[in-house]
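When a ligand or atom number is given, it counts from 1 through the structure's own listing order. The structure displayed is predicted, hence computed values, not measured ones.
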Amino acid sequence: MRIAIAGGSGLAGTPTAEIARTRGHDVVILARGHGVELLSGSGLTGALRGVDAVIDVSNVATLKPDVSVSFFAGATRNLLAAERAAGVGHHIVLTIVGADAAPDGYYAGKLVQERLVEAGSTPWTIQRATQFHEFAPMMYHSAKAGPLHLAPRARTQPIAVREVAEHLVTLAEQPPAGRALELGGPQEESLVEMVRAYARAIGGPSWIPAVSLPGTFGRAQRSGALLPGPGAILGRQTYAEWLDELPDA
Ligand SMILES: NC(=O)c1ccc[n+]([C@@H]2O[C@H](COP(=O)([O-])OP(=O)(O)OC[C@H]3O[C@@H](n4cnc5c(N)ncnc54)[C@H](OP(=O)(O)O)[C@@H]3O)[C@@H](O)[C@H]2O)c1
């Protein structure tokens, strides 16, 4: 198959591209670093020639709803229009478990993305997954008060990004499935303990206070609304196993 991966150079996109190539597929990367700008549509038409399926793992790093909506709506509209013109038969998109529980920040854009895909003319699969294990390092580096690292209280069931990538390629090899079963990690974790364990693994500070993030997202995280529901497909690698593999550990 010929598979185009929007965001194929990112955290999820890199292993997705690697796994697809290993399985013998032709892979096209849709990313600015590869000459494709999803928001202007520049480079898309040529890149989608002969493509059977598109996996969308593009991303914008923001907590602002307007920025998130503008990116995911713009990129998705351009992708779907170019897919229609190129006759692409399957659009697969990665979104997030529990996105509807906190629709006022980053997740606002993810919900718009899902709705556009559902309403689009390319046959589709929407795959929701929980946070990747890398979520804890991301929090360690971004949740700070001056030099002090903070650990936000949250219930999470993190998954190895490589297992998400394997699953996305499998979806691309199969017929469009609509809303796929949620994908989550093998066990629930406390984000506070994940951040502290990451700090220990990299020789960071031994004291990291727990904080409750304000707003809908903070409440959704603490309530368990971002945990996978019954019937979800669960990954294999635990956070502790992932941490053991870190080069810094
Ligand atoms: N992180 C999590 O815990 C988690 C959990 C579940 C689902 N997800 C979802 O997984 C997806 C991928 O996240 P990620 O963390 O892997 O993303 P990432 O590492 O930030 O990668 C973003 C990718 O998008 C490309 N990109 C960004 N803006 C672009 C533009 N204007 N035109 C073309 N390409 C553009 C980037 O390449 P260039 O910079 O070269 O353009 C890069 O390849 C997201 O949709 C996210 O919602 C994430």
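By heavy-atom distance, the residue among Ser9, Ala31, Gly41 lying nearest atom 42 (C) of ligand 1 is Ser9. The heavy atom nearest to atom 22 (C) of ligand 1, out of those in Val60, Asn59, Leu39, is found in Asn59.
The other residues sharing a hydrophobic cluster with Val93 are Val117, Trp124, Ile126, where clustering joins ILVMFWY side chains under 4.5 Å apart. Chaining together hydrophobic side chains whose heavy atoms lie under 4.5 Å apart places Val169 alongside Ile19.
Contact atoms of ligand 1 toward Ala12: 16 (O) (distance under 4.0 Å to a heavy atom of the residue). Atoms of ligand 1 found under 4.0 Å from any heavy atom of Val57, numbered from 1 in the order shown, are 11 (C), 12 (C). Ligand 1 places these atoms under 4.0 Å from at least one heavy atom of Leu94: 7 (C), 9 (C), 10 (O), 45 (O). In the vicinity of Lys110, heavy-atom distances shorter than 4.0 Å reach the ligand 1 atoms 44 (C), 45 (O), 46 (C), 47 (O). Atoms of ligand 1 found under 4.0 Å from any heavy atom of Gly33 (numbered from 1 in listed order, with element): 40 (O). Here is the list of ligand 1 atoms found below 4.0 Å of a heavy atom in Thr95: 6 (C), 7 (C). Atoms of ligand 1 found under 4.0 Å from any heavy atom of Gly10, numbered from 1 in the order shown, are 19 (O), 21 (O), 42 (C), 43 (O).
By the criterion of a heavy-atom distance under 4.0 Å, neither the backbone nor the side chain of Phe135 is placed next to ligand 1.
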Q: For His90 and Gln174, run side-chain hydrogen bond (donor to acceptor under 3.5 Å, both in side chains): C-alpha distance rounded to whole Å, both residues' side-chain angles, the deciding distance at 0.1 Å, then the answer.
A: CA-CA 9 Å; His90 191 181; Gln174 294 171 354; over 6 Å; no
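Considering backbone and side-chain atoms together, Phe71 places no N or O closer than 3.5 Å to any N or O of ligand 1. Where the criterion is an N or O separation shorter than 3.5 Å, residue side chain and backbone included, Tyr106 meets it with respect to ligand 1. Between Ser58 and ligand 1, a contact under 3.5 Å exists for at least one N or O pair. Between Gly7 and ligand 1, at least one pair of N/O atoms sits closer than 3.5 Å. In terms of polar-atom proximity, Leu38 is counted as a contact of ligand 1, with an N or O under 3.5 Å from an N or O of the ligand.
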